[in-house]
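Worksheet: the structure to be examined is printed underneath.
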Amino acid sequence: EAGVAQSPRYKIIEKRQSVAFWCNPISGHATLYWYQQILGQGPKLLIQFQNNGVVDDSQLPKDRFSAERLKGVDSTLKIQPAKLEDSAVYLCASSLYGSGRPPYNEQFFGPGTRLTVL
Amino acid sequence: GIQVEQSPPDLILQEGANSTLRCNFSDSVNNLQWFHQNPWGQLINLFYIPSGTKQNGRLSATTVATERYSLLYISSSQTTDSGVYFCAVPRAGANNLFFGTGTRLTVIP
């Protein structure tokens with residue numbers, strides 16, 4: 001079974017530029033998550049989708065970050081304009097469901113996109 | 001909100017040694033996951049363990065939900081075990097994970 005796919009793996013941009021990341025979850029997984037991991041810290045949630053609807057975007061900096069999952073499968077996360085502090089690894093994860101009896105909510109992570117903002 | 005603390009923050013082991021990593025959490029949870037983040041940044045699922053004990057090869061984990069802690073045991077450590085170990089629990093009312101501060105393990109040959 002294929003895992004969570006992400007692209008690109010690395011991206012270097014200058015501040016104030018825009019960037020987009022792509023994620024394809026595990027086939028059949030209804031719930032998709034985007035996390036941001038700053039160097040030396042654990043991942044922190046940015047946004048959670050259930051199918052094509054947003055479940056939780058309370059920690060998404062909405063003035064510059066946006067995300068969509070139009071057909072309930074793959075997703076795109078965008079930053080515009082980027083700031084120096086956005087340098088981080090952006091991780092996508094998926095689970096069969098977002099709730100319900102375990103292990104339906106076990107999350108699996110992709111390889112991440114390492115973003116450097118100069 | 002929920003608090004998750006991991007100890008020790010750093011651990012250096014000789015190859016072949018055993019170790020125990022601890023994760024304390026502040027609220028009752030219905031899910032707990034242990035991950036290994038390898039030096040290339042990939043988060044690898046180790047255990048999904050809301051309660052009880054599980055074993056997978058040289059690794060085992062125990063979660064005592066009533067006392068709000070989980071332990072990860074690594075036996076006969078190998079250099080490939082190096083990396084950061086995270087425990088994570090879901091936020092109240094949601095399934096997205098809140099991660100602990102991690103334990104950085106270095107296994108030297």
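Letters A, B, ... mirror the listed sequences (proteins, then strands); counts begin at 1.
- Linking ILVMFWY residues whenever their side-chain heavy atoms come closer than 4.5 Å, directly or via other members, leaves A:Leu45 and A:Leu32 in distinct clusters.
- Within 6.0 Å of NZ in A:Lys15 there are 12 or fewer heavy atoms belonging to other residues, nucleotides or ligands.
- For A:Leu39, the CG atom is loosely surrounded, since the number of other residues' heavy atoms within 6.0 Å does not exceed 12.
- Atoms CZ and CD, from B:Arg91 and A:Gln48 in turn, are 10.0 Å apart once rounded to the nearest 0.5 Å.
- Both A:Leu77 and A:Val19 are assigned to one and the same hydrophobic cluster, defined by single-linkage of ILVMFWY side chains at heavy-atom distances under 4.5 Å.
- For chain A, no part of B:Arg104 is nearby; none of its heavy atoms comes within less than 4.5 Å.
- Interatomic distance, CG of B:Asn96 versus OG of A:Ser95, reported as 10.0 Å (0.5 Å rounding).
- Residue contact with chain B, scored on non-hydrogen atoms closer than 4.5 Å, is absent for A:Gln6.
- Using a 4.5 Å cut-off between heavy atoms, B:Ile44 does not touch chain A at all.
- B:Asn30 is listed as a side-chain neighbour of A:Asn105, based on a closest heavy-atom distance under 4.5 Å.
- Considering every non-hydrogen atom in both B:Phe86 and A:Gln41, the closest pair reads CZ-O, 3.9 Å.
- The stretch residues 107-117 of chain A places A:Gln107, A:Phe108, A:Phe109, A:Gly110, A:Pro111 near chain B, each with some heavy atom under 4.5 Å from a heavy atom of that chain.
- Clustering ILVMFWY residues whenever any of their side-chain heavy atoms sit less than 4.5 angstrom apart, transitively, puts A:Trp34 in a cluster other than the one holding A:Val4.
- Side-chain contact check for A:Tyr35 versus B:Leu97: some heavy-atom pair is nearer than 4.5 Å.
- Other residues, nucleotides and ligands contribute only 12 or fewer heavy atoms inside 6.0 Å of the CD atom of A:Glu14.
- Note: the hydrophobic cluster containing A:Leu60 also contains A:Phe21 (ILVMFWY, side chain heavy atoms under 4.5 Å, direct or indirect links).
- Clustering ILVMFWY residues whenever any of their side-chain heavy atoms sit less than 4.5 angstrom apart, transitively, puts B:Val84 in a cluster other than the one holding B:Ile12.
- Put simply, the side chain of A:Leu91 reaches to within 4.5 Å of the side chain of B:Leu43, judged on heavy atoms.
- B:Val4 shares a hydrophobic cluster with B:Ile2, B:Leu11, B:Leu13, B:Leu21, B:Phe25, B:Val29, B:Leu32, B:Trp34, B:Leu46, B:Phe47, B:Ile49, B:Leu59, B:Leu72, B:Ile74, B:Tyr85, B:Val89, B:Phe98, B:Leu105, B:Val107; the chain of contacts runs through ILVMFWY side chains whose heavy atoms sit under 4.5 Å apart.
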- Task: Begin from the C-alpha positions of B:Trp40 and A:Arg9 and carry the test side-chain contact (heavy atoms from CB on, under 4.5 Å) through to its verdict.
- Result: CA-CA 11 Å; B:Trp40 294 270; A:Arg9 293 295 311 277; 5.8 Å; no

